[in-house]
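For reference, the structure discussed in these notes is given below.
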Amino acid sequence: MDIGIACLGMKSQLPDCPEIKPDESDEKFTKRFTTWSKKRDLNYQQWDEIKSQREDEFTEFVQAYRGEILNIVDGAIPQSSQLPDSFSCRLQISGKGLKDLVFNFPYIFDVNLPDEFAKLVEPENSSDVDDPIFQLEQPESNAPNVCVIDSGIQENHSLLKAAIDSGNSKSWVPEETDQTADYVSNGGHGTRVAGAVLYPITIPRIGNEKAVCWIQNARILDSKCQLSTQLFPPNLLGDIVEFYHNQTKTRIFNHSITGSVPCRTQYMSAWAAGIDNLTWEKDILFIVAAGNLPLSGGRIGYTRLSVQEHLASNRLCPDYLVENSCRIANPAQSFQALTVGSISLASYRALSYSSISQKDKPSAFSCSGLGIWDTIKPEVVEYGGDLVKDESIPPNITSPKEVCPELVRSTLNGGPGVAADNIGTSFAAPKVSHIAARLAAELSDESCLLYRALIVQSARWPEWTMVDNIEKLHVIRQIGYGIPNIDRALGNSPNRITLITRGNRPIKAKEAHVYQVKLPEGLRSQGEEYEILVEVTLSYKAQPRRTRRNRRKYLSTWLDWDCSKKGENPEKFLARILKEYDAPEDAEKGEEGFKWTIGKRAKNYGKIDGVSRSAGTIQKDWTIVKSFELREAFCIAVVGHEGWNNDPDAEAPYSLVISFEAITSNIPIYTTFVEAQVQLEVKQEVEIG
């Protein structure tokens, strides 16, 4: 069983920080503040003592039934399994001991069976093809690292070898710690994932090219693509991050492994919370797969219907993807990871067979959102393939090469080195990792928060979503913000400009950072009527607290953003933010606001009811405005709010990205924006409460 133990005791928050009273002397206030500081430090000390005490009590309880805590290290629960309010662990115990534990150990808040891993799509038989004569060259010595956490890699593969950081390959598979190859039959899994990081579109057949990054091989799955029950995911990921981040400064981790059932929606799982905490502690980015539906057969754990079952019940794709049984799989609900779903790369029809989905639509097997606490998940999608059905009832389902992405294939058990013979969100995620690696190469001094923001900022909905009768809430649940684009993520164009904050910008609760973008006079002329696409993405991180069942109390500090309205000048915008933002749910008054696509509240705010851009730690929204509706400056405020941590020194770092694009591509705006632009910077930092 996987167990969660709460460790806060009776005092779950610090005492409120004192505020200076009217006519109070500085000396008297300083004395009160010093007293409060001592109480704060005492609280932190008490939390540590309670955690240590409960670990000992829990260990004694389990051992009394001759149980075993499987992830215990040196007689203690590993640090990577701990959060500020709790610790989690995997244990083996008798049924009688488990019953006694659940009913009589008062601090348990979560009990679950270990995740079973999603059964991977069995590859189609691939016809032999000639291996490419293309030559991959080593990346630059200082190129970014991408750690592939998977089933191992065929490191001497001709299409991978030059990019493999073989000196840091490592296996965590019990009793196979000296074996890092990909032993999964029929072409491997980790080998395919590694290839998709390097070759996100197609695999070249001739010529030569320098690899964009180094691939690091962290093997955790065995030859059957399963994770040993001896390995507890939060602890395992903590070990992997410690090994690669500490030794080689690795910041990008590709995690194409998920459970087989929908994620839970009450508590954040230990696995997902572990990713969130590692992301909080270090400047890293986890890119995770959304999960796959089984193709056929009975239900998994009575909660996950197969594609065949949906079709047999006359549910059409992609409509059935919004069913609860199609929800993203653990740990894709992680607040601070970037979750990737799959879309179809082609439409197919031959004789009695036809593709279940269509080009650029959600793949028939791709799990959907919303995520835990109604967050937008997956955030982005990539081409992971599709399925084909015949006219039988229930239909037979297959995946011919025409609907499969082209992937590098392990040849350890024979077969070609390249094939289009497998599908899954597992192979969509590494294509996004490729974009992250490109960003890390170009912006090596910037944070992973910026990489995540630029990936989401570059994403767009495909054309089929623009039809009036399309349910936009279903679209955002199925494909999030859309398909990322490497060119939009990396740079500008004559009709588009993107502005970014540099470095991590820490912000505290009850503070606002206000930014101003100068707009060219010619663009906002009353005589012109250009359509301008405005896109804004906020990416931040905060410390998680796993015992909480609310998205705003799960995080130590939570952020959101607001922008100026039509005709609102910078001074008026700042005054409104100071006046209104201490009650962030208040309705806006005064001038008409821009009609954002999502909006910061789930009801009656944006164009899509039922979802809020402010729910997660990546917050994108977009709108199309007339150029004459803009004034001399466009202002945006990032605002901090108190989460579970009421320590006034608690901070949350963030990155902010803003883009302006002329819908008509022959209207150049980049140069005029540059000429009008004062360097993007914090104009004023103010307390708002």
Side-chain angles (χ1 to χ4, degrees), residues 12-19 40 83-85 268 273 276-277 279-280 335-336 371-376 449 452-453 501 504-515 536-564 573-589 593 596 598-603 605-606 611-621 635-657 682-689:
S12 62
Q13 280 195 308
L14 302 172
D16 289 333
C17 181
E19 296 182 2
R40 176 186 60 180
L83 291 173
D85 64 332
M268 189 69 76
D276 287 342
N277 198 53
T279 303
W280 161 251
F335 260 37
Q336 295 178 167
I372 187 172
W373 306 319
D374 293 334
T375 48
I376 295 174
L449 288 175
R452 185 172 66 143
T501 55
N504 279 345
R505 300 291 178 100
I507 189 171
K508 300 176 182 178
K510 301 182 180 181
E511 285 183 353
H513 292 180
V514 179
Y515 296 85
V536 178
T537 300
L538 171 67
S539 171
Y540 75 95
K541 64 180 180 178
Q543 189 174 23
R545 175 170 277 184
R546 192 177 165 234
T547 55
R548 298 308 174 93
R549 294 185 285 180
N550 177 291
R551 67 192 185 211
R552 290 178 176 171
K553 292 301 182 182
Y554 174 69
L555 300 172
S556 54
T557 306
W558 62 275
L559 312 183
D560 61 3
W561 60 267
D562 199 357
C563 75
S564 52
F573 171 69
L574 179 58
R576 174 168 65 84
I577 289 297
L578 294 176
K579 181 179 179 181
E580 296 181 2
Y581 232 100
D582 58 343
E585 300 297 327
D586 284 354
E588 293 187 338
K589 304 176 181 65
W596 294 96
I598 302 174
K600 64 181 179 181
R601 291 195 302 278
K603 291 291 184 181
Y605 194 84
V611 65
S612 165
R613 73 175 180 228
S614 302
T617 62
I618 185 81
Q619 301 176 8
K620 179 182 179 180
D621 216 337
C635 295
I636 186 167
V638 177
V639 184
H641 304 276
E642 187 177 288
W644 62 259
N645 194 345
N646 62 341
D647 187 334
D649 294 329
E651 295 179 328
Y654 71 88
S655 289
L656 181 66
V657 179
V682 177
K683 183 183 178 184
Q684 188 168 352
E685 181 177 313
V686 291
E687 291 193 1
I688 60 173

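Not less than 6.0 angstrom separates the ring centroid of Y540 from the ring centroid of W558.
Here the CG atom belonging to D374 is positioned 6.5 Å from the CZ atom belonging to R551, to the nearest 0.5 angstrom. Expressed to the nearest 0.5 Å, how far SG of C563 lies from CD1 of I636 amounts to 6.5 Å. Rounding to the nearest 0.5 Å gives a distance of 10.5 Å between OG1 of T557 and NZ of K508. Rounded to the nearest 0.5 Å, atoms CG (D649) and CG (D647) are 5.0 Å apart. One distance of note links CG of N646 with OG of S556; it measures 11.0 Å at 0.5 Å rounding. To the nearest 0.5 angstrom, I507 atom CD1 is 8.5 Å from H641 atom NE2.
If you run side chain to side chain contact (heavy atoms under 4.5 Å, CB included) between Q619 and each of I598, D560, I376, only D560 comes through. Partner of Y554 under the ring pair (Phe, Tyr, Trp, His ring centres under 6.0 Å) criterion, out of W280, F335, W644: F335 alone.
Side-chain atoms of K553 come within 3.5 Å of backbone atoms of G643 as a donor-acceptor pair (strictly under, hydrogens ignored). Looking at D276, its side chain never comes within 3.5 Å of a backbone N or O of P544 through a donor-acceptor pair. With hydrogens and angles ignored, the 3.5 Å screen pairs a side-chain donor or acceptor of D621 with a backbone N or O of G599. Without hydrogens or angle criteria, D85 side chain to T547 main chain gives a donor-acceptor distance under 3.5 Å.
Considering only heavy atoms from C-beta on, T537 comes within 4.5 Å of I618 through its side chain. Contact of the L656 side chain with the T501 side chain is registered, since non-hydrogen atoms from C-beta on lie closer than 4.5 Å. You'll find the side chain of R548 stays beyond 4.5 Å of the side chain of W373, heavy atoms only. Between L449 and K541, the closest side-chain pair of non-hydrogen atoms falls below 4.5 Å. Inter-residue side-chain proximity for V639 and L559 is flagged as unmet; no heavy-atom pair is nearer than 4.5 Å.
Between Y654 and H513, the ring planes are tilted. Angles from 30° to 60° get that label.
Summarising the geometry of A615 relative to T375, their closest heavy-atom pair is O-CG2, 3.6 Å, with the distance given to 0.1 Å.
S655 and R452 share no side-chain donor-acceptor pair at under 3.5 Å.
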Report task. Just do the side chain to side chain contact (heavy atoms under 4.5 Å, CB included) check on K600 and W561 with the steps written out, would you? Result -> CA-CA 8 Å; K600 64 181 179 181; W561 60 267; over 6 Å; no
